[in-house]
Amino acid sequence: MFRWRVGKWTSTFGGHFGGFRRVFTDVRFQDLSIDKRLLRGIEAAVGAGARLTPVQHQAFSQLQRAGEEPCEKRPDLLLQAHTGTGKTIAFLLPALQRLLAEEARKKGLRRAEGVSVLVLAPTRELVLQLAKVASRLLQYSGGLVRSSFVVGGFSVQEDIERLKADAPHILFATPWRLVHHLQSTPHFVRALGSVQSLVLDEADRLLNPVFVHKVDYIFRRLPCSRPQMILCSATFNEHIQKFAVRSLRANLEVISTTAEDVHAETHPVQTKTKVEVAKPVDQVLIRYDPHKFLPVLHALLVKEMLAAEGEAKRVLVIFPTVRWLQFFYVLLKHRANMPGLLSLHRSLSADRRRNRAVQFSKGAPATSGALFATDVAARGMDFDVHSVIQVGCPEDREQYVHRAGRTGRLESTGRSFLLLNPLEEITLKELDGLHLHREEHIEEDTTFAEAATNIHGWWEDASISASAHLFYASAISFYLHDIGRLRANAGEIVRTVSALIQSAGLPKDYGLPALPKGLAAKLRQKDELVAVRTETVRERWDVLAALSPHPKPRPGKNQASELG
Ligand SMILES: Nc1ncnc2c1ncn2[C@@H]1O[C@H](COP(=O)(O)OP(=O)(O)OP(=O)(O)O)[C@@H](O)[C@H]1O
């Protein structure tokens with residue numbers, strides 16, 4: 001580990017030693033001067049005699065030192081470490097230790113004066129997971145220090161009652177829900193009047209254009225003696241850099257245990273840093289023909305879920321859109337009879353969303369199965385999965401790294417597969433330098449022929465056929481949004497998505513789903529019909545029909561024969 005100072009920023013790096021990733025330091029939690037009740041909580045969570053990870057060790061030293069300063073002088077902190085290396089405990093431990101010490105000094109004579117530590121995270125699943133970790137760590141503190149949470153999926157009244165009942169020192173929240181309360185619930189405004197530390201978990205995500213206005217709003221509403229800021233993530237990007245320049249203190253400190261990726265002589269808030277996937281993850285690239293998407297996915301799932309003797313295997317599959325996920329989920333779970341599948345996405349009811357995340361979390365009873373999820377599961381979730389399958393091109397390198405990082409956490413190993421079709425292959429150059437090895441060919445799937453007999457005919461089932469229509473439109477829209485990045489034309493997009501749907505057995509002569517008017521208009525704007533290349537007359541007819549401004553349902557094979 002070494003420390004250096006460039007301009008106004010101080011950085012501490014460590015964790016990699018000559019390419020060898022050190023998972024733990026030699027320091028045990030019991031060696032630290034921390035409250036015995038907190039130590040019991042930690043050991044219950046991570047095991048008796050557990051040693052600290054490098055990021056935990058460095059953060060503990062830094063935050064303890066900073067904690068001796070008055071709140072307004074404490075340096076802000078950027079905390080970067082690979083996925084699954086214990087960043088949650090890294091930022092929670094010093095905060096909980098300080099809160100316990102303060103409360104012990106007061107001898108419990110006064111009730112909490114309000115929230116002292118506010119932690120923001122981008123998804124409700126992650127907020128609930130963080131709140132659960134805090135409760136575990138505090139389980140032996142006899143209620144001296146308390147935590148609570150605020151996320152969507154509960155009524156506003158439930159939030160208010162929970163906040164009153166918990167009277168928390170540490171509050172976990174999603175920005176959207178918290179802003180809502182700050183704008184309309186006086187109780188929340190009062191409770192947040194005493195925040196001393198603001199933690200942004202998955203900071204690069206929270207500071208991207210989708211969230212940054214909410215985060216800024218929360219930041220502005222906090223007390224004028226501005227709290228210490230702690231920004232955590234496995235990946236730093238230009239959004240963090242902009243925020244650092246605009247809002248962080250001059251004595252900002254940076255802790256990074258991804259030192260092999262950082263160039264100390266340049267800017268400490270690295271934006272061009274090529275962050276790697278954590279070393280225990282074996283990364284595999286599978287190039288597939290879109291006409292074979294479903295058999296390939298099925299084969300991979302069967303292979304990865306297949307329990308080795310006595311060992312249950314769990315797989316996380318991340319899809320680009322909810323509709324894409326839902327269509328293939330219905331086909332595989334119900335038609336191909338894969339009962340171990342679950343789904344997690346924003347269209348589920350709040351209760352289901354919560355349960356699904358818990359079922360796949362670390363410590364949940366081990367069963368084999370697969371979770372089909374969207375990116376709500378991509379960041380921060382401490383899942384216990386052996387493999388991650390990413391369907392389609394990730395938005396950027398950071399998204400790829402976080403998705404792959406759901407496996408291979410701490411000392412465990414894992415496999416991460418990236419499934420790309422020819423339309424998407426161009427995005428591979430954005431993953432330059434990652435250690436992806438290629439598995440061009442997936443073994444011929446002998447089990448799929450059997451599954452396919454049940455899957456075939458789905459187009460006659462009104463609800464599955466409706467799901468197929470939604471998938472078709474959403475996949476076209478997804479690619480269209482990225483048309484520049486893919487350097488594709490509208491015709492190639494339509495042909496790829498048509499092939500994906502045909503991979504589920506839809507007969508060529510059955511015709512393709514019609515597109516919603518707005519989407520068809522957008523497609524036409526991108527590409528005149530003359531530019532659409534097709535191989536057969538039938539396919540051209542399908543594309544033309546899909547692009548028609550007033551799509552009419554076309555008779556399928558069977559309907560046509562009924563009409564005589
Ligand atoms: N010192 C430790 N000893 C043993 N297990 C630990 C230790 N610290 C953390 N863990 C466990 O490691 C797992 C990963 O921790 P955590 O979720 O905090 O990682 P992370 O760095 O925040 O990952 P991500 O970047 O994906 O959010 C958790 O199950 C946690 O309980």
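Whatever order the structure lists them in is the order used to number ligands and atoms, beginning at 1. All residue numbers in this chain count up from 1 along the given sequence. Please read all numbers here as calculations on a predicted model, not as lab measurements.
Short contacts between ligand 1 and F29, defined as distances under 4.0 Å to a heavy atom of the residue, involve ligand atoms 1 (N). Interface of H82 with ligand 1, defined as ligand atoms under 4.0 Å from a residue heavy atom, comprises 21 (O). Close contacts of ligand 1 with V46, meaning ligand atoms under 4.0 Å from a residue heavy atom, involve 3 (N), 4 (C), 5 (N), 6 (C), 7 (C), 10 (N), 31 (O). Atoms of ligand 1 lying under 4.0 Å from any heavy atom of T85, numbered from 1 in the order shown and given with element: 19 (O), 20 (P), 21 (O). Heavy-atom contacts of T88 reach the following atoms of ligand 1: 16 (P), 17 (O), 18 (O), 22 (O) (cutoff under 4.0 Å). Atoms of ligand 1 found under 4.0 Å from any heavy atom of R51 (numbered from 1 in listed order, with element): 1 (N), 2 (C), 3 (N). Applying the 4.0 Å criterion to heavy atoms of R406 picks out, from ligand 1, the atoms 26 (O). Here is the list of ligand 1 atoms found below 4.0 Å of a heavy atom in E202: 27 (O).
Close N/O approach between Q129 and ligand 1 is not found [any backbone or side-chain N/O within under 3.5 Å]. At a 3.5 angstrom cut-off on N or O pairs, G86 counts as close to ligand 1. Between T83 and ligand 1, not a single N/O pair is under 3.5 Å apart. Checked by distance only, ligand 1 and G84 come closer than 3.5 Å through their nitrogen or oxygen atoms.
With hydrogens left out, the protein atom closest to atom 17 (O) of ligand 1 is R409 NH2, 3.1 Å, a heavy atom. The protein heavy atom nearest to atom 3 (N) of ligand 1 is F24 CE2, 3.4 Å. Nearest non-hydrogen protein atom to atom 10 (N) of ligand 1 is L410 CD1, 3.5 Å. Regarding atom 27 (O) of ligand 1, its nearest protein heavy-atom neighbour is G380 CA, 3.2 Å. Ranking the protein heavy atoms by distance from atom 28 (C) of ligand 1 puts D382 OD2, 2.9 Å first. For atom 21 (O) of ligand 1, the closest non-hydrogen atom of the protein is K87 NZ, 2.8 Å. Considering only non-hydrogen protein atoms, atom 8 (N) of ligand 1 sits nearest to Q56 NE2, 2.8 Å.
Between F149 and F154, the distance separating the two ring centers is shorter than 6.0 angstrom.
More than 12 heavy atoms of other residues, nucleotides or ligands shown are found within 6.0 angstrom of CZ on R162. Around the NZ atom of K333, the shell of radius 6.0 Å holds more than 12 heavy atoms that belong to other residues, nucleotides or ligands. Remark: R136 CZ is loosely packed, at most 12 non-hydrogen atoms of other residues, nucleotides or ligands lying under 6.0 Å away.
N237 and E398 are not linked by any side-chain donor-acceptor pair at a separation below 3.5 angstrom, with hydrogens and angles left out of the test. No hydrogens or angles considered: nothing links the side chains of E102 and H169 as a donor-acceptor pair under 3.5 Å. If you check the side chains of T427 and E430, you find no donor sitting under 3.5 Å from an acceptor.
A salt bridge is defined here as a Lys NZ or Arg NE, NH1 or NH2 lying under 4.0 Å from an Asp or Glu carboxylate O, and D201 with R379 fails to meet this definition. For the pair K429 and D432, the salt-bridge criterion is not met [side-chain N within less than 4.0 Å of a carboxylate O]. Salt-bridge annotation for R246 and D216: present, with a side-chain N of the basic residue lying under 4.0 Å from a carboxylate O of the acidic one.
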How far apart are the C-alpha atoms of V195 and R221, what are their side-chain angles, what is the distance that settles it, and do they pass the side-chain contact (heavy atoms from CB on, under 4.5 Å) test? CA-CA 10 Å; V195 171; R221 295 297 302 263; over 6 Å; no
Can you check side-chain contact (heavy atoms from CB on, under 4.5 Å) on V376 and R353, steps first, answer last? CA-CA 10 Å; V376 295; R353 259 182 89 163; 3.9 Å; yes
Could you walk me through whether T413 and D282 pass the side-chain contact (heavy atoms from CB on, under 4.5 Å) test, one step at a time? CA-CA 8 Å; T413 53; D282 180 27; over 6 Å; no
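Neither the backbone nor the side chain of R379 has any atom closer than 4.0 Å to an atom of ligand 1 (non-hydrogen atoms only).
Distances shorter than 4.0 angstrom do not occur between any heavy atom of H402 and any atom of ligand 1.
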